[in-house]
Amino acid sequence: NKYIPEKYSKLEELILAINKTESKCPVCHNKCESSDIIHRYETRNFYKCPVCQITFQINYSNTGDSYKKAYFFEEYKKQYGKTYLEDFTNIQKFAKKRLEVINSIRPAKGGEHNSPSLLDIGCAYGPFLVEASHFGYLPQGVEIIPEAADYIRSEFGFRVFTGAFENSVFEHQFDVVTMWYVIEHFKDPDYILIRVNKLLKQDGIFSFSTPNSSGISARKKMSSFLMKSPLDHITIWNPKISARVLSRYGFKIKNISITGHHAERFSRFLGKNFYLLNKIFDLISKLFKLGDTFEVYAQKIKEIDD
């Protein structure tokens, strides 16, 4: 059967694995029941936790490692028409807009002898770190792809921890911690959010972006939206859920930006209609909050216990 993952030789083995799998919410650890399943697919189920309201998936197949060096080159080029490094300047422009929002909440002011510090988790080849340095931050990164981490060190001289954030070690707290399209990948966001709280100074800023389950694609047909959700996206967020979850971890949301279209990346396909279409897309997205991704800017208001 084409729907049976390779690691199971028979359908019975898959069913047994499903029955043995605990359906605990990865955020609040509430044990969810079959009645909490909102969509079923061949090898995975999506649950909505009745306690914290987060949507999450339990995948019974082997998700594999979808995040590799090839993502930045072959895969990225297929999607955007250029490699990640060729798109570096455009990504840096997005970084500038994000840093402007962060600075509007908490200006980048360091002490008498030091610059404010910033940690970018999942920093890729470093466009956000580069732009952060232009804003006066002393940036550091975490990146699981060794080639990307090496590139940042050799090209820009920034400190980068190579490996998973869960295993990273830091000597001090930070003024800002960011994750751009990373939070949905963590298997234990509870641990991650506790750690972010501990790593941030009081009144520090935690910012992240992630797919939006209340955007136009999900509103059109939620089952299709979830079916197309990558196998390694463990949690599915939206602005309302973000506010509820982050409050559990000592954060207060200060700004939410609905995103989800980057028409400038497709200017070569849109031709002379690019500027008009970009303005139309931007207006519709902002007016009706229909973007398929969004950005959260939250401030640490209290220290939490482990």
Side-chain angles (χ1 to χ4, degrees), residues 67 88 91-92 94-111 113-146 148-210 242 245-246 249-255 295-304 306:
Y67 184 64
F88 196 98
I91 301 171
Q92 201 172 331
F94 300 144
K96 181 179 179 181
K97 292 179 180 179
R98 290 164 173 166
L99 285 158
E100 287 172 347
V101 177
I102 291 171
N103 271 10
S104 70
I105 302 170
R106 190 178 193 271
K109 296 179 180 179
H113 303 291
N114 64 300
S115 300
S117 55
L118 179 146
L119 177 66
D120 186 27
I121 301 165
C123 58
Y125 280 78
F128 191 81
L129 297 180
V130 171
E131 193 60 33
S133 69
H134 295 167
F135 274 70
Y137 288 98
L138 184 63
Q140 291 188 47
V142 176
E143 176 53 45
I144 202 167
I145 304 298
D150 290 341
Y151 179 87
I152 294 172
R153 295 188 197 99
S154 62
E155 291 293 319
F156 310 116
F158 301 140
R159 296 181 64 181
V160 180
F161 177 89
T162 304
F165 174 58
E166 295 91 329
N167 302 324
S168 59
V169 178
F170 304 101
E171 299 173 354
H172 57 79
Q173 288 183 303
F174 296 86
D175 296 283
V176 177
V177 174
T178 59
M179 299 178 186
W180 308 115
Y181 300 106
V182 174
I183 196 168
E184 63 273 9
H185 295 272
F186 290 118
K187 293 181 180 179
D188 188 359
D190 175 54
Y191 168 79
I192 297 301
L193 291 171
I194 290 173
R195 183 144 198 245
V196 170
N197 179 282
K198 298 296 185 183
L199 280 174
L200 271 173
K201 298 176 183 177
Q202 186 64 26
D203 299 324
I205 302 299
F206 172 44
S207 302
F208 67 86
S209 57
T210 190
S242 297
V245 170
L246 290 182
Y249 297 93
F251 297 106
K252 181 179 180 180
I253 290 182
K254 307 296 287 188
N255 185 290
E295 298 171 359
V296 171
Y297 300 85
Q299 192 162 31
K300 175 180 173 179
I301 59 174
K302 66 178 180 179
E303 193 86 17
I304 62 170
D306 293 337

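All of these numbers come straight from a predicted model, not from anything done at the bench.
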Engineer: Roughly how far, to the nearest 0.5 Å, is OG1 of Thr178 from CD1 of Ile121?
Structural biologist: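 OG1 of Thr178 is found 7.0 Å from CD1 of Ile121.
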Engineer: Given side chain to side chain contact (heavy atoms under 4.5 Å, CB included), test Phe208 with Ser242 step by step and report yes or no.
Structural biologist: CA-CA 10 Å; Phe208 67 86; Ser242 297; 4.1 Å; yes
Engineer: Ignoring hydrogens and geometry, is there a side-chain-to-backbone donor-acceptor pair from Gln173 to Leu200 under 3.5 Å?
Structural biologist: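 Judged by distance alone, yes, a pair lies under 3.5 Å.
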Engineer: How long is the gap from CZ on Arg98 to CH2 on Trp180, to the nearest 0.5 Å?
Structural biologist: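 CH2 of Trp180 is found 5.0 Å from CZ of Arg98.
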Engineer: Between Ile304 and Leu193, does the side chain to side chain contact (heavy atoms under 4.5 Å, CB included) criterion hold? Intermediate values first, please.
Structural biologist: CA-CA 10 Å; Ile304 62 170; Leu193 291 171; over 6 Å; no
Engineer: Are side-chain heavy atoms of Phe251 and Val296 found at a separation under 4.5 Å?
Structural biologist: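 Counting from C-beta outward, Phe251 and Val296 never come under 4.5 Å.
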Engineer: Any sub-3.5 Å donor-acceptor pair from Arg195's side-chain atoms to Phe165's backbone N or O?
Structural biologist: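 Checking the backbone N and O of Phe165 against the side chain of Arg195, a donor-acceptor pair under 3.5 Å is found.
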Engineer: Side chain to side chain contact (heavy atoms under 4.5 Å, CB included) between Leu118 and Leu99: does it pass, once the steps are laid out?
Structural biologist: CA-CA 11 Å; Leu118 179 146; Leu99 285 158; 4.0 Å; yes
Engineer: Show me, pair by pair, the donor-acceptor contacts under 3.5 angstrom made by side chains of residues 126-137, not counting sequence neighbours?
Structural biologist:
unit_1	atom_1	unit_2	atom_2	d
Glu131	OE1	Gln92	NE2	2.9
Ser133	OG	Val130	O	2.5
Tyr137	OH	Asn103	OD1	2.9

Engineer: Looking at every non-hydrogen atom in both residues, tell me the closest pair between Val245 and Tyr249 and how far apart they are.
Structural biologist: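 Scanning both residues completely, I find the closest heavy atoms to be O-CD1, 3.2 Å.
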Engineer: Any chance you could measure Glu295, atom CD, to Thr210, atom OG1, to the nearest 0.5 Å?
Structural biologist: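 Output value for this atom pair is 11.0 Å.
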Engineer: Are any side-chain N or O atoms of Ser117 and backbone N or O atoms of Leu138, one a donor and one an acceptor, separated by less than 3.5 Å?
Structural biologist: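 Not confirmed, Ser117 side chain does not pair with Leu138 backbone.
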Engineer: Within the side chain of Glu143, is there an N or O that forms a donor-acceptor pair under 3.5 Å with the backbone of Ala124?
Structural biologist: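 Looks like yes, one N/O pair under 3.5 Å.
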Engineer: State, with a plain yes or no, whether a side-chain heavy atom of His172 is found less than 4.5 Å away from one of Phe174.
Structural biologist: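 Side chain of His172 against side chain of Phe174, heavy atoms only: contact under 4.5 Å found.
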Engineer: For the residue pair Tyr125 and Phe88, what are the closest heavy atoms and their distance?
Structural biologist: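 That would be O-CE1, 3.5 Å.
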Engineer: How far apart are the C-alpha atoms of Asp188 and Ile192, what are their side-chain angles, what is the distance that settles it, and do they pass the side chain to side chain contact (heavy atoms under 4.5 Å, CB included) test?
Structural biologist: CA-CA 7 Å; Asp188 188 359; Ile192 297 301; 5.6 Å; no
Engineer: Would you name the heavy atoms of Leu246 and Ala298 that are closest together and state the gap between them?
Structural biologist: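 Looking at all heavy atoms of both residues, the closest pair is CD1-CB, 3.9 Å.
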Engineer: Which pairs, with at least one residue in residues 197-208 and sequence neighbours excluded, count as a side chain to side chain donor-acceptor pair (under 3.5 Å)?
Structural biologist: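 Every pair satisfying side chain to side chain donor-acceptor pair (under 3.5 Å) with a residue in residues 197-208: Asp175-Lys201.
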Engineer: Kindly compute the distance separating CZ (Phe170) from CZ (Phe161), expressed to the nearest 0.5 Å.
Structural biologist: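 CZ of Phe161 is found 7.0 Å from CZ of Phe170.
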Engineer: Search all heavy atoms of Val160 against all heavy atoms of Cys123 and return the closest pair with its distance.
Structural biologist: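 Looking at all heavy atoms of both residues, the shortest contact is CG1-SG, 4.1 Å.
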Engineer: For a side-chain contact (heavy atoms from CB on, under 4.5 Å) with Val176, tell me which candidate from Leu119, Ile105, Asp120, Ile102 qualifies.
Structural biologist: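 Option passing the side-chain contact (heavy atoms from CB on, under 4.5 Å) with Val176: Ile102.
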Engineer: Determine the minimum heavy-atom distance between Ile183 and Ser209, stating which atoms define it.
Structural biologist: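 Minimum heavy-atom separation between Ile183 and Ser209: CG2-O, 4.5 Å.
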Engineer: Does any pair with a residue in residues 152-165 pass side chain to side chain donor-acceptor pair (under 3.5 Å), and if so which ones, sequence neighbours excluded?
Structural biologist: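 Residue pairs passing side chain to side chain donor-acceptor pair (under 3.5 Å), neighbours aside: Asp150-Arg153, Arg153-Thr162.
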Engineer: Rounded to the nearest 0.5 Å, how far does CD1 of Ile145 lie from CD1 of Ile152?
Structural biologist: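 Ile152 CD1 to Ile145 CD1: 11.5 Å, rounded to 0.5 Å.
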Engineer: How long is the span from the CE atom in Met179 to the NE2 atom in His185, to the nearest 0.5 Å?
Structural biologist: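 It is 11.5 Å, given to the nearest 0.5 Å.
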Engineer: Angle between ring planes, Phe156 versus Tyr151, binned at 30° and 60°: parallel, tilted or perpendicular?
Structural biologist: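 Perpendicular.
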